[in-house]
Number of protein chains: 2
Amino acid sequence: MTATTSTLGFAILAVLARADSTGYEIAGRMRHPIGRFWTASYSQIHTDLQRLLAADLVEYATAPGPGPQDKKVYSITAKGLGALRDWVTQPPRPQPERDELVLKTYAAWLADPATLIEMFRTALRQHEERLAEYESAWVAVEERAPAFGTPGFGNMATLRCGLTYERHRAEWCRWMIDQLSRSLEPS
Amino acid sequence: MTATTSTLGFAILAVLARADSTGYEIAGRMRHPIGRFWTASYSQIHTDLQRLLAADLVEYATAPGPGPQDKKVYSITAKGLGALRDWVTQPPRPQPERDELVLKTYAAWLADPATLIEMFRTALRQHEERLAEYESAWVAVEERAPAFGTPGFGNMATLRCGLTYERHRAEWCRWMIDQLSRSLEPS
DNA sequence: TCGGGCATGTAATACGTTACATGATTCA
DNA sequence: TGAATCATGTAACGTATTACATGCCCGA
């Protein structure tokens with residue numbers, strides 16, 4: 001009868017550990033910046049929030065809000081903070097990887113190389129854009145040098161992951177383009 | 001009324017484009033080597049195979065097999081091969097990213113650094129193991145230098161992606177361990 | 001003889017997305 | 001006036017996981 005909290009539940013708790021928020025605001029943070037490593041729609045958050053409420057991991061205060069209903073400002077409870085802390089250091093269980101581009105690559109030998117080059121060039125451009133975005137954010141974060149124990153540490157650490165990820169992706173796309181180009185003009 | 005094939009459907013077609021297989025064999029390939037970038041259980045494959053059959057993208061020949069029922073050896077049809085070829089060069093639609101370790105990292109500032117170091121050390125070890133595995137496979141593949149137009153090209157290209165991915169992950173884990181260590185012993 | 005691999009299939013449940021429904025405020 | 005943002009919530013659908021059910025053959 002141990003109420004198991006879903007991963008999304010912990011994502012919500014992680015948001016509330018930083019600041020009290022309405023469901024709508026949580027959804028906003030789920031799009032950005034959390035969207036890079038965890039996604040959820042408002043509907044899903046709403047449902048999960050009810051479960052967290054039932055398990056006393058969050059609570060809310062009502063406030064007059066726009067629209068017909070009151071708005072509910074959620075906050076994390078002491079119990080919720082404890083559950084979140086425990087979860088953080090628990091080794092992540094193996095997740096199913098799903099990457100459409102790599103799956104296409106697996107079957108790429110069947111297709112037209114010139115069209116494939118175009119596809120990878122598009123992908124490369126997107127990764128380079130994101131990389132540039134992350135790199136400028138990195139400069140800003142490095143100056144501040146956020147200490148462990150402050151939310152800024154979480155921001156820096158996840159940004160660092162995004163940074164090396166985009167570098168890896170861009171590198172791979174360039175390699176793919178190079179390989180495919182060679183297959184077009186043999187020496 | 002255009003029967004849309006799911007991504008898993010194309011994964012199945014990609015397997016059958018390489019060799020005729022039973023559903024059970026497809027499930028095996030879905031675990032390895034495809035499991036690194038696309039996962040599916042037998043149940044799911046079975047259901048999808050029926051849809052591909054209805055859409056004439058695959059066909060099967062019965063053969064006496066173990067167990068009470070005949071075994072069905074599936075193969076890709078000309079129509080299926082055409083659909084697969086078209087799909088390969090279509091730009092992948094943006095997928096939701098979900099990475100539990102990074103989500104934990106986002107909330108890591110709340111937890112105990114020493115325990116976190118342990119968690120990242122475990123992750124690092126796993127990535128290094130996989131990297132070593134991929135690197136030895138790479139040596140073998142580079143020698144053969146598979147040409148475009150052969151399935152070997154798909155193997156090499158996906159392996160290359162795995163290689164740079166594991167390097168990025170290992171690098172990030174080392175950075176995390178370093179950062180967390182600093183927070184333990186301040187100068 | 002007992003477990004594991006080969007091989008098929010169904011059913012229940014959980015998870016996630018999309019569409020729907022309501023309605024105030026703000027800004028162009 | 002009309003779209004965008006803030007804010008709640010429900011319902012339908014589709015996808016994915018887990019458990020179940022059957023049964024042969026092979027090797028320890």
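Naming: A, B, ... by sequence-line order, numbering from 1 per chain.
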Exercise. Measure from the side-chain N and O atoms of Glu100(A) to the backbone N and O of Gln95(B), and report whether any donor-acceptor pair falls under 3.5 Å.
Key: no
Quiz item: Start at the 5' end of DNA chain C and walk down; is the nucleotide closest to Asp70(B) or to Pro96(B) reached first?
Solution: Asp70(B)
Quiz prompt | Proximity to the side chain of Tyr24(B) - top-ranked nucleotide from dC15(C), dG9(D), dT8(C) | solution = dT8(C)
Quiz item: Quick one: Lys72(B) NZ to dG9(C) C1', roughly how many Å, whole number?
Solution: 9 Å
Quiz item: OP1 or OP2 of dC24(D) less than 4.0 angstrom from a side-chain nitrogen or oxygen of Lys71(B), does that happen here?
Solution: no
Practice problem: Would you kindly give the CG-to-C1' distance between Asp48(A) and dT17(C), to the nearest whole Å? | Solution: 15 Å
Quiz item: When the ring planes of His127(A) and Tyr165(A) are compared, do they come out parallel, tilted or perpendicular, using 30° and 60° as the limits?
Solution: perpendicular
Quiz prompt | Student check: side-chain heavy atoms of Met176(B) and Leu124(B) closer than 4.5 Å | solution = no
Exercise. Specify the residue among Tyr74(B) and Arg98(B) whose closest nucleotide of DNA chain C lies further upstream toward the 5′ end.
Key: Tyr74(B)
Quiz item: Cluster question for you: counting only ILVMFWY and a side-chain heavy-atom cut-off of under 4.5 Å, with indirect links fine, are Val88(B) and Ile177(A) together?
Solution: yes
Quiz item: Within this structure, what is the CG-to-P distance between Leu8(A) and dA16(D), rounded to whole angstrom?
Solution: 18 Å
Quiz item: Would you say Cys161(B) and His168(A) make side-chain contact, with heavy atoms under 4.5 Å?
Solution: yes
Exercise. Look at the side chain of Thr22(B) and the backbone N and O of Glu25(B), then say whether any donor-acceptor pair between them is shorter than 3.5 Å.
Key: yes
Quiz item: Within this structure, what is the CZ-to-P distance between Phe10(A) and dC15(C), rounded to whole angstrom?
Solution: 13 Å
Practice problem: Kindly state which residues belonging to residues 25-39 of chain A come within less than 4.0 angstrom of DNA chain C, counting heavy atoms of the residue only, listed by number. | Solution: none
Quiz prompt | Flag, side chain of Trp172(B) to backbone of Ala157(A), donor-acceptor distance under 3.5 Å | solution = yes
Quiz item: How far apart are the closest heavy atoms of Asp20(A) and Val73(A), and which atoms are they?
Solution: CB-CG1, 3.9 Å
Quiz item: Among side-chain atoms of Asn155(B) and Arg144(B), is any donor-acceptor pair under 3.5 angstrom?
Solution: no
Quiz item: Side chain of Gln50(B): nearest nucleotide among dG9(C), dA7(D), dT10(D)?
Solution: dG9(C)
Quiz item: So, is His46(B) near the phosphate of dT8(C), with a side-chain N or O under 4.0 Å from OP1 or OP2?
Solution: no
Self-check item: Value in whole Å for how far the P atom of dG16(C) lies from CD of Gln95(A)
Solution: 11 Å
Just the table, please: protein N/O against nucleotides 18-22 of chain C N/O, every pair under 3.5 Å.
| residue | atom | partner | partner atom | Å |
| --- | --- | --- | --- | --- |
| dT18(C) | O4 | Ser43(A) | OG | 3.0 |
| dA19(C) | N6 | Ser43(A) | OG | 3.1 |

Practice problem: Grab the CZ-C1' distance between Arg93(B) and dT17(C) for me, whole Å please. | Solution: 11 Å
Quiz item: Do the side chain of Lys104(B) and the main chain of Trp87(A) share a donor and acceptor less than 3.5 angstrom apart?
Solution: yes
Quiz item: When the distance from OH of Tyr60(B) to P of dT8(C) is rounded to whole Å, what number comes out?
Solution: 11 Å
Quiz item: Taking five pairs at each end of the helix from dT1(C)-dA28(D) to dA28(C)-dT1(D), what angle separates the two helix axes (nearest 10°)?
Solution: 30°
Practice problem: Evaluate the ring planes of Phe148(B) and Phe153(B), with Trp represented by its six-membered ring, and classify them as parallel (under 30°), tilted (30 to 60°) or perpendicular (over 60°). | Solution: perpendicular
Exercise. Would you please say whether a donor-acceptor pair under 3.5 Å links the side chains of Ser21(B) and Arg29(B)?
Key: yes
